[in-house]
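Everything below concerns the one structure shown next.
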Amino acid sequence: MNIQWYPGHMAKTRRQMLENLKNIDLVCELVDARIPQVSRNPDMDDIAGDKPRMIILNRTDLADPDETRRWAAWYRAQGYAVLETDSQHGAGTSRFAVAARERLADKIAVWNEKGQTGRSVRVMVVGIPNVGKSTFINRVLGRKSAKAADKPGVTRGAQWFRVQGGIDLLDTPGILWPKFDDERVGILLAVTGAVKDDILDIETLACKLFELLAERAPQAIIDRYKLTIPEESDFLGYDLLQQAGRKRGFLISGGEIDTERMARILLDEFRGGVLGRITLETPEDYENAPEA
């Protein structure tokens, strides 16, 4: 599976980020709590340079809460400030202004010594497409100012917003990186909706998701789709897709199973949290994972 999606506006956004950084005090990166590391743009370290950083683990309502806590500990051990949020329902977003000022406490103290008391903290909010940036900003603002939608590529231009608590937010369009060299990265981004469905074969994607769920959350698919996960299978994802389609009665002419219909349902139900709160990667997938 070779996934490439880097529209022209993403290259333009990267250039704009670099231009805006000279006016930024804190770079705040939203990630999907279901895939915290994969949903981070690897180019962001180069873009942000030595600016102070914050990681916001968003969509915690869809992720395993124990794994979210472990991921928060993992990022804090690397020196990031961390905030856990569910922007859809507002959980955690009210702490943003306080958390941002805490991360910049030393810098704010210097401003105060120079007589710049009350100076606004300028925060750039970044993240890949469809990670929930606009919804997060609207929650922080307490009003619908940033355009939000449940699909990637909605925000197309940088926008400044004033937040109570002395924070100025710069919202930026979501950007991916030019090419996913690791197939696993592309699959995880695709199943969570960070890239558009129409650039992938939906049944292949569903097979990959079934394989992931069989490893990470087997009971969730057993309970939901009444499956039996085989101990050995050369085509595990397809076997499970066919089982689920048969159990649901999705048959077409000749008794063939409508695997495309089942594939769309699986993706919709996973993305909507119907299968439960599931995290698809853990700190142990990476080196130097601390105990939480």
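Bear in mind the structure is a predicted one, so any value in this text is a computation, not a measurement. For the numbers below, each heavy atom of this structure counts, side chains included, while hydrogens, waters and symmetry mates do not.
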For the [atom1] atom on [X], are there more than 12 heavy atoms of other groups (residues, nucleotides or ligands in this structure) within a distance under 6.0 Å?
X: Asn23; atom1: CG; result: yes
X: Gln164; atom1: CD; result: no
X: Glu256; atom1: CD; result: no
X: Lys247; atom1: NZ; result: no
X: Lys22; atom1: NZ; result: yes

Inset, instruction - Take Ile202 and Glu260, measure what side-chain contact (heavy atoms from CB on, under 4.5 Å) needs, and give me the verdict at the end. - result: CA-CA 7 Å; Ile202 200 77; Glu260 180 179 351; 3.9 Å; yes
Backbone N or O of [Y] within a donor-acceptor pair of the [X] side chain at under 3.5 Å?
X: Glu29; Y: Arg40; answer: no
X: Thr172; Y: Val125; answer: yes
X: Asp285; Y: Thr282; answer: yes

Pairwise side-chain contact, [X] with [Y], heavy-atom cut-off 4.5 Å (strictly under):
X: Phe96; Y: Arg139; result: no
X: Val38; Y: Thr192; result: no
X: Leu240; Y: Pro230; result: yes
X: Met17; Y: Ile24; result: no
X: Leu213; Y: Tyr225; result: no
X: Tyr75; Y: Gln37; result: yes
X: Val126; Y: Asn41; result: no
X: Leu205; Y: Leu209; result: no

Would you kindly confirm whether [X] and [Y] end up in one hydrophobic cluster when ILVMFWY residues are joined by side chain heavy atoms under 4.5 Å apart?
X: Ile167; Y: Val110; result: no
X: Leu170; Y: Leu18; result: yes
X: Leu266; Y: Ile252; result: no
X: Val131; Y: Met54; result: yes
X: Ile257; Y: Leu267; result: no

Inset, instruction - I would like to know whether Ile265 and Phe250 meet side-chain contact (heavy atoms from CB on, under 4.5 Å); could you show each step before the answer? - result: CA-CA 11 Å; Ile265 286 176; Phe250 295 161; 3.3 Å; yes
List the atom of [X], the atom of [Y], and the distance in Å for their closest heavy-atom pair.
X: Asn112; Y: Gly118; result: OD1-N, 4.4 Å
X: Thr68; Y: Ala63; result: OG1-CB, 3.6 Å
X: Asn58; Y: Ser87; result: OD1-OG, 2.8 Å
X: Val191; Y: Arg271; result: O-NE, 2.9 Å
X: Cys28; Y: Ile56; result: SG-CD1, 3.1 Å
X: Ala100; Y: Leu26; result: CB-CD2, 3.8 Å

Inset, instruction - Determine the interplanar angle of the Tyr286 and Trp74 rings, folded into 0 to 90°, and report it as parallel if under 30°, tilted if 30 to 60°, perpendicular if over 60°. - result: tilted
Inset, instruction - Give the C-alpha distance, both sets of side-chain angles, the deciding distance and a yes or no for salt bridge (Lys or Arg N to Asp or Glu O under 4.0 Å) between Glu67 and Arg277. - result: CA-CA 10 Å; Glu67 293 300 337; Arg277 300 173 70 177; over 6 Å; no
Would you give the length of the straight line joining atom [atom1] of [X] to atom [atom2] of [Y], rounded to the nearest 0.5 angstrom?
X: Lys133; Y: Ile128; atom1: NZ; atom2: CD1; value: 8.5 Å
X: Phe270; Y: Leu280; atom1: CZ; atom2: CG; value: 4.0 Å
X: Leu212; Y: Ile221; atom1: CG; atom2: CD1; value: 10.0 Å
X: Ile278; Y: Leu62; atom1: CD1; atom2: CG; value: 9.5 Å
X: Met124; Y: Leu21; atom1: CE; atom2: CG; value: 4.5 Å
X: Leu141; Y: Arg162; atom1: CG; atom2: CZ; value: 11.5 Å

Legend entry - Qualifying residue, where the test is salt bridge (Lys or Arg N to Asp or Glu O under 4.0 Å) with Asp25 and the options are Lys107, Arg101, Arg53, Arg103: Lys107
Inset, instruction - Any chance you could lay out the side-chain contact (heavy atoms from CB on, under 4.5 Å) test for Thr135 and Gln88, step after step, and finish with the verdict? - result: CA-CA 7 Å; Thr135 303; Gln88 194 66 38; 4.3 Å; yes
Legend entry - Under the side-chain contact (heavy atoms from CB on, under 4.5 Å) test, residues paired with Arg224 that sit two or more places apart: Arg248, Glu269, Val274, Leu275
Inset, instruction - Check the pair Phe136 / Thr93 against side-chain contact (heavy atoms from CB on, under 4.5 Å), numbers first and verdict last. - result: CA-CA 7 Å; Phe136 169 79; Thr93 55; 3.9 Å; yes
Inset, instruction - May I ask you to decide whether Arg59 forms a salt bridge with Asp32, counting only side-chain N to carboxylate O separations under 4.0 Å? - result: yes
Inset, instruction - With Thr60 as reference, evaluate Arg34, Arg69, Glu84, His89 under the side-chain contact (heavy atoms from CB on, under 4.5 Å) test and give the passing residue. - result: Glu84
Inset, instruction - Under the salt bridge (Lys or Arg N to Asp or Glu O under 4.0 Å) rule, what do Arg15 and Glu19 come out as? Steps first, then yes or no, please. - result: CA-CA 6 Å; Arg15 292 193 299 270; Glu19 292 170 3; 5.9 Å; no
